[in-house]
Amino acid sequence: MLVNATNMLLKARDGHYGVGQFNINNLEWTRSILLQAQAMQSPVILGVSEGAGKYMTGFKTVAAMVRAMDESLGITVPVALHLDHGTYEGAKACIEAGFTSIMFDGSHYPIEENIAKTRELVELAHDKGLSIEAEVGSIGVVGNGEIADPEECAKITALGVDFLAAGIGNIHGIYPANWKGLDFEALERIHQATNNIPLVLHGGTGIPDEMVQKAIRLGVSKINVNTDCQLVFAEATRKYIEAGKDQQGKGYDPRKLLKPGADAIMDKVKEKIELFGSANKA
Ligand code: 13P
């Protein structure tokens with residue numbers, strides 16, 4: 001059932017669990033994530049980056065595919081279709097395309113410009129019943145990750161966004177060996193400054209489980225996972241080919257070739273739903 005993400009994240013905040021956002025790239029992943037969420041009776045968020053949106057021939061295609069799949073698989077758990085790290089233009093396109101939730105990542109703009117653009121997009125999104133996430137303190141790809149300024153977080157929260165991504169040392173992709181870990185003091189300061197808004201932890205891949213659980217206790221309600229799914233998909237596909245299975249019978253049929261990877265996504269999503277505590281919270 002496609003819904004916006006606001007209520008599912010408010011419930012998660014109050015129940016002290018997290019909802020997983022798993023990014024999608026294709027039909028196999030989308031189906032695996034939906035089926036696992038349904039089997040575990042967990043709310044789930046399907047994240048779509050702008051790159052993945054283009055790869056799948058545009059946001060309209062993505063929205064149509066997800067809606068049709070949700071219906072034909074008989075999915076009854078709440079599912080949000082969410083733009084991940086949207087640009088200003090991308091956010092507007094997804095509002096039109098039928099997404100149920102958007103993220104506007106204005107973290108690279110000077111704060112006043114981030115505020116102006118976020119304000120406009122909050123209005124557009126809410127007019128259409130969509131939820132909206134904003135980002136403060138760019139979530140990096142290298143180094144130790146940025147720490148968001150609580151005052152800037154408070155300013156963006158006051159614009160009426162539904163949930164907030166705030167950098168607390170988290171990074172996308174694989175963490176460097178010398179990564180210092182999440183900054184929980186920063187998380188507490190941001191939590192205090194933002195009036196209990198559900199917080200989002202980007203870069204969910206590779207954060208130790210205890211840190212994820214502590215972050216949830218301190219106000220994180222959504223955890224984004226992408227690289228983990230990519231890694232298990234690649235590993236399962238590699239094993240299939242290395243075992244020569246594509247050369248046995250009709251093992252070269254993409255439906256067979258992609259199945260181990262799709263199964264691996266299901267297992268990874270199960271593991272994360274258990275970690276985040278969202279099973280049976282649909
Ligand atoms: P990872 O790729 O590190 O899991 O991060 C995902 C993410 O934060 C998407 O916004």
Side-chain angles (χ1 to χ4, degrees), residues 5 9 18-26 29-30 32-33 36 44-56 59 62 80-87 90-91 94 99-108 131-148 161-177 179-183 187 190 198-209 211-213 215-216 220-235 261 264-265 267-273 275-276 278:
L9 293 184
V19 176
Q21 174 188 309
F22 302 99
N23 282 21
I24 58 171
N25 288 286
N26 55 40
W29 291 38
T30 311
S32 292
I33 297 163
Q36 192 58 272
V44 77
I45 297 174
L46 301 176
V48 182
S49 69
E50 298 221 352
K54 281 199 190 108
Y55 177 74
M56 291 187 273
F59 295 130
V62 176
L81 176 59
H82 180 74
L83 172 67
D84 189 33
H85 289 288
T87 58
C94 285
F99 277 49
T100 63
S101 186
I102 54 164
M103 172 185 188
F104 169 55
D105 180 354
S107 60
H108 51 284
S131 48
I132 174 164
E133 170 182 355
E135 175 167 325
V136 182
S138 176
I139 289 141
V141 283
V142 287
N144 278 314
E146 263 188 46
I147 308 292
V161 297
D162 300 286
F163 33 106
L164 184 74
I168 52 165
N170 41 332
I171 311 171
H172 290 119
I174 295 171
Y175 284 81
W179 179 57
K180 294 202 187 93
L182 297 179
D183 184 336
L187 178 54
I190 291 162
L199 295 172
V200 181
L201 187 63
H202 281 249
T205 298
I207 300 176
D209 289 359
M211 283 193 193
V212 170
Q213 282 169 331
I216 291 172
V220 162
S221 309
K222 171 161 95 81
I223 302 103
N224 291 5
V225 176
N226 182 32
T227 304
D228 254 336
C229 292
Q230 297 183 334
L231 290 171
V232 294
F233 187 87
E235 189 191 359
I265 298 280
D267 293 346
K268 181 53 74 180
V269 169
K270 181 167 192 280
E271 179 193 314
K272 294 296 178 187
I273 286 177
L275 173 67
F276 303 158
S278 65

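Whatever order the structure lists them in is the order used to number ligands and atoms, beginning at 1.
At a heavy-atom cutoff of 4.0 Å, ligand 1 is contacted by the side chain of His85 but not by its backbone.
Remark: ligand 1 atoms within the under-4.0 Å shell around heavy atoms of His202 are 8 (O), 10 (O). Proximity to Gly173 (heavy-atom distance under 4.0 Å) selects the following atoms of ligand 1: 1 (P), 2 (O), 3 (O). Under a 4.0 Å criterion applied to the non-hydrogen atoms of Thr227, ligand 1 contributes the atoms 1 (P), 2 (O), 3 (O), 4 (O). Counting the atoms of ligand 1 from 1 in the order shown, those under 4.0 Å from a heavy atom of Gly204 are 4 (O), 5 (O).
A donor-acceptor contact shorter than 3.5 Å is absent between the side chain of Trp29 and the backbone of Gly261. Of the possible polar contacts, none joining the Glu133 side chain to the Val200 backbone as a donor-acceptor pair under 3.5 Å is found. Formation of a donor-acceptor pair under 3.5 Å by the Thr100 side chain with backbone atoms of Leu81 is found in this model. Here the side chain of Asp162 pairs a donor or acceptor atom with the backbone of Ile132 at under 3.5 angstrom. Judged purely by atom type and a 3.5 angstrom limit, Ser101 has no side-chain atom pairing as donor or acceptor with the backbone of His82.
Residue Val225 places no N or O, backbone or side chain, under 3.5 Å from any N or O of ligand 1. At least one N or O atom of Asp84, backbone or side chain, sits closer than 3.5 Å to an N or O atom of ligand 1. Looking at ligand 1, you'll find an N or O of Thr205 within less than 3.5 Å of one of its N or O atoms. For a threshold of 3.5 Å applied to N or O pairs, the pair formed by Gln21 and ligand 1 contains no separation below that value.
Using modelled atom types, one finds a donor on one side chain and an acceptor on the other under 3.5 Å when comparing Asn224 with His202.
Ligand 1 lies out of reach of Gly47, whose nearest heavy atom is not under 4.0 Å from it.
Of the candidates Asp228, Val200, Ile223, Asn226, it is Asn226 that places a heavy atom closest to atom 6 (C) of ligand 1. In the candidate list Cys229, Ser49, Ala165, Gly203, Gly203 is nearest to atom 5 (O) of ligand 1, counting heavy atoms.
Taking the six-membered ring where the residue is Trp, Phe99 and Phe59 present perpendicular rings, their angle passing 60° and hence far from 30°.
One finds the CG atom of Leu182 at 8.5 Å from the CD1 atom of Ile147 (value rounded to the nearest 0.5 Å).
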